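Read the structure below first, then the notes.
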Number of protein chains: 4
Amino acid sequence: MTSKPTKAAAARKSEAKGSAQDEVPASNRAARAAERRAAIIEAALEEFIARGFAATRLDDIAKRAGVAKGTIYLHFKDKESMFEELVRLVIVPVVERLTKLPPPTGSVRDLVEVFASTFLREVANTRRGDLVRLIVAEGPRFPAVADFYYREVVQRGIGGMRALIELGIARGEIREKGLARFPQILVAPVLISVIWQSLFERHAPLDAQAMLRVHLDLIFGERRTT
Amino acid sequence: MTSKPTKAAAARKSEAKGSAQDEVPASNRAARAAERRAAIIEAALEEFIARGFAATRLDDIAKRAGVAKGTIYLHFKDKESMFEELVRLVIVPVVERLTKLPPPTGSVRDLVEVFASTFLREVANTRRGDLVRLIVAEGPRFPAVADFYYREVVQRGIGGMRALIELGIARGEIREKGLARFPQILVAPVLISVIWQSLFERHAPLDAQAMLRVHLDLIFGERRTT
Amino acid sequence: MTSKPTKAAAARKSEAKGSAQDEVPASNRAARAAERRAAIIEAALEEFIARGFAATRLDDIAKRAGVAKGTIYLHFKDKESMFEELVRLVIVPVVERLTKLPPPTGSVRDLVEVFASTFLREVANTRRGDLVRLIVAEGPRFPAVADFYYREVVQRGIGGMRALIELGIARGEIREKGLARFPQILVAPVLISVIWQSLFERHAPLDAQAMLRVHLDLIFGERRTT
Amino acid sequence: MTSKPTKAAAARKSEAKGSAQDEVPASNRAARAAERRAAIIEAALEEFIARGFAATRLDDIAKRAGVAKGTIYLHFKDKESMFEELVRLVIVPVVERLTKLPPPTGSVRDLVEVFASTFLREVANTRRGDLVRLIVAEGPRFPAVADFYYREVVQRGIGGMRALIELGIARGEIREKGLARFPQILVAPVLISVIWQSLFERHAPLDAQAMLRVHLDLIFGERRTT
DNA sequence: GATGAATGAGATTTCATTCAT
DNA sequence: GATGAATGAAATCTCATTCAT
């Protein structure tokens, strides 16, 4: 009923009991600590996503990570800071990967489409999509999280979108000039998909890719060839 | 720090002590009970929206409603059922009002615009908007709530949108035929606004009405005159 | 799941609504009150027996008796006194009936057998048997109840038994003279039956009458004819 | 008014602070936990006996055991399971000791007398006697407890008694053959004593040993020499 | 007299955090 | 560093008792 240790955690445990006399030199203390930390972070992410902040028990995180409850406090000050830090830890590498912009060759539509598809594939249908929902859910009670997310993700994202839109307008690919004022419109369907998946998928599955294409058709005009 | 009794609750209290300065002559027991129930519902809604389900304390709801803790249990079985019932109680009248369709005269765009503006005015910038965010936040842990919301709001809304879109396509107002498959696109910006308001408003205010107009321009083509 | 109003209670209720204009003169206020009181007593007895003192809810008693919770407080000071008074109210008439001794004609054995059979029939297999178990259960926490029960039932019972035993010894029906010091032995199997019924009947039914006969055979010597 | 920590608990506490004046050198964590568990069990037993299940407060158990309330939940799932487990924990060792049968040398009467005296000494006048009363009191609301008690104690006890009675009949020590059908009669006075002690001792003390001897005289015939 | 909505003290249970080992 | 038993504050929920109608 409650979460069980993952295979990784189990492995770590048996390893801890099996290799009694430290024959594994590579796995020194620091490395072990880092491993544990990573396990805690992953476990915490899963639990927070599944239950929300308040309903998540540190006990469950510890069990899932395969560590003792006290160990969590060696890595995080308390539950709140763990949550806030967690969001940062998960978001930062994603943002970093996305900011290595691929050079804007080809049409703007192609660019947007590739970008959005990647996003859908890598975010919408993964744990990270749920993280977005988690932030929406807990944001009001964690201004620090909302602020961080705004600064690191939303602001940059909006900026990037706007640049793309303006490029599209300049090149004549986009007719609706007002779009530059509201780049949010560009990503709206993506957010909708993320939310839809976690709330309504069992009632009516949603083909996010197809929806996205229709949306892009609206913006860029319908494609002659698909 | 914790919630205080609202003016309404205070009023009810002083009134109870004998001062009947308004035109309600005989506040019988049933009426009193109904009043209290309403106070509890309103208080609970505020608290749940502000803190989420798990972090809301019944103590605070009671205090805010101006009743004793035990009184809540005269009206609701437990915290969970209170939450679920609450969502129903708030949503039902909204849905009922919206289903009294105004006759579809004029252009589809006008219809959509009026409808969406009303929605933005009545939902997005009110407590009800936060309720939507609350449902997004708690839905995964309250399948009954998600189900209810899907059945009562989403399904009907999607159906209504689709009908409008098809009408628009038939009349030649909407060019993008794929839109009929994804009426979600039509409301996506509205949802975005709701979420934006509660998370990012202090960073960057969003003119939801203007964004909506741009979005409708995308769908219906730009207006000649504004 | 919880107790429902008995037929009597239902009758009283419908009667209360049905005979609106007091056409029933016999059922005046005082009579009504007495009726209610009786209903409360019966309901309370059932509930206390089924759940014990602490686990019994006044709510359930009221429901079962078909009265409002407040009404109970018109008849009893509080839950504790209700319990204590209840035991008295139920035991007194039983004791009164038993003290109208039938004249001691015939053999002592016959007397004891008739008496014990009557007791088994009227107490052991009825609600009153459970009352004995209830007193055993709650006695330590209700010294007043234990005292009353000792004074009214046990002491008299022991006295009566002793008189019978001495008569039996004098007449040569009973050989074991020590029995007069311990009349408890005479009733021990009856108490055993009462307890056995409520705890172990579903595991192994016990023929109390047969057991009693064997016990009397031990005391009076085996009968030549049965 | 409420229960106070026992001497044992107090001892454990002071010991915890460093004074180790006894021969237990290294009180490791597991041993400590076991100690606490034992303290909880003992405290709970006392409280349940004194007040019955429903009226016993976990707070008082904790105080008496000298632990925090939460600690109880490290050992028991909840109040109900604690009660059920408790009965098992106390009864099992008693049963185990009794099943190490002393070899049936000597007369059956001697055997029964030794056995019953032992029982009276070890059960009737100790906490364990009250446990029997507790089981009688709570049995109907704890079928699991009644079942366990029947299986482990009553059934075996009845079986053992029956074997003895049949031996007695075969050897000509017992005349009343019907007794083999109702071994309950053999133990009835013992149960009576247990109940009498806890309810009526202050009104009229009962010499259980003497009563037992009279009872055995009834069954085995009077002794020539005492 | 009768009602039953309201109360609030008090019970059980949970869980973040600490700390001796 | 790591552990996990222990803590106790705080949460949910119950229910005997009161009292305005």
Side-chain angles (χ1 to χ4, degrees), chain A residues 16 29-30 32-33 36 54-63 67-80 82, chain B residues 16-18 26-37 54-62 66-80 82, chain C residues 16 29-30 32-33 36 54-63 67-80 82, chain D residues 16 18 26-30 32-37 54-62 66-80 82:
Chain A
R29 272 238 206 117
R32 284 289 179 82
R36 278 166 198 278
T56 290
R57 289 185 293 265
L58 290 192
D59 238 341
D60 287 345
I61 294 177
K63 230 172 272 164
V67 302
K69 235 191 309 182
T71 306
I72 294 175
Y73 286 84
L74 299 175
H75 294 276
F76 301 94
K77 184 175 147 284
D78 58 16
K79 198 183 171 190
E80 282 204 17
M82 176 162 60
Chain B
K17 302 220 168 159
S27 205
N28 58 15
R29 287 213 293 203
R32 282 294 175 81
E35 241 177 73
R36 274 164 199 276
R37 189 185 162 84
T56 290
R57 291 184 294 263
L58 291 187
D59 236 346
D60 287 345
I61 293 177
V67 302
K69 243 183 308 176
T71 305
I72 293 174
Y73 288 87
L74 298 177
H75 295 278
F76 302 95
K77 188 177 143 284
D78 58 15
K79 198 184 170 187
E80 281 203 17
M82 175 160 63
Chain C
R29 269 237 209 121
R32 284 290 179 82
R36 278 166 197 278
T56 289
R57 290 185 292 263
L58 291 192
D59 238 341
D60 287 344
I61 294 177
K63 229 172 272 165
V67 303
K69 233 189 316 180
T71 306
I72 294 175
Y73 285 85
L74 299 175
H75 294 277
F76 301 95
K77 183 175 149 285
D78 58 14
K79 198 185 171 189
E80 283 205 15
M82 177 162 60
Chain D
S27 207
N28 59 16
R29 287 214 294 201
R32 282 293 175 81
E35 244 176 73
R36 272 162 200 276
R37 188 185 162 86
T56 290
R57 293 184 292 263
L58 290 187
D59 235 346
D60 287 345
I61 294 177
V67 303
K69 244 184 307 178
T71 305
I72 293 174
Y73 287 86
L74 298 177
H75 295 278
F76 301 95
K77 188 177 143 284
D78 57 16
K79 197 183 170 189
E80 281 204 16
M82 176 160 61

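Order of the sequence lines sets the chain letters (A, B, ...), proteins ahead of strands, with each chain counted from 1. Source: prediction; values computed, not measured.
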- Query: Would you say the side chain of Tyr73(B) lies within less than 4.5 Å of the side chain of Met82(B), judging by non-hydrogen atoms?
  - Reply: no
Leu74(C) atom CG is separated from dG4(E) atom P, nearest whole Å, by 13 Å
Those residues at least two apart in sequence (or on a different chain) that pass salt bridge (charged side-chain N to carboxylate O under 4.0 Å, His left out) with Lys79(B) are none
When every non-hydrogen atom of Leu58(B) is compared with those of Ile72(B), the smallest separation belongs to O-CD1, 3.7 Å
Rounded to whole Å, the NE2-C1' distance (His75(A) to dG1(F)) equals 9 Å
When Ala33(D) and Ala68(A) are each assigned the nearest nucleotide of DNA chain F, the 5'-most assignment goes to Ala68(A)
Axis-to-axis angle across the helix from dA2(E)-dT21(F) to dT21(E)-dA2(F), five pairs each end, nearest 10 degrees, ~ 0°
Nearest heavy-atom contact between Ala54(B) and Ala54(A) is CB-CB, 3.5 Å
**Asked** Would one find a side-chain N or O of Arg36(D) under 4.0 angstrom from OP1 or OP2 of dT7(F)?
**Response** yes
Given protein heavy atoms under 4.0 Å, the one-letter contact record of nucleotides 14-19 of chain E, with B base, S sugar-phosphate only and - none, is simply BSSBB-
Rounded to whole Å, CG of Asp60(B) lies from P of dA10(F) at a distance of 13 Å
_When you compare the side chain of Leu74(D) with that of Arg36(D), does any pair of heavy atoms fall below 4.5 Å?_
no
Here the distance between atom P of dT12(F) and atom CD1 of Ile61(B), to the nearest Å, is 8 Å
From CD1 of Ile72(A) across to C1' of dG1(F) the rounded distance in Å is 15 Å
Picking from dT7(F), dG4(F), dA6(E), the nucleotide nearest the side-chain atoms of Val67(D) would be dT7(F)
Tightest non-hydrogen contact, residues His75(B) and Ala33(B), listed as CE1-O, 3.6 Å
Between the CZ atom in Arg57(C) and the NZ atom in Lys69(C), the distance rounded to the nearest 0.5 Å is 10.5 Å
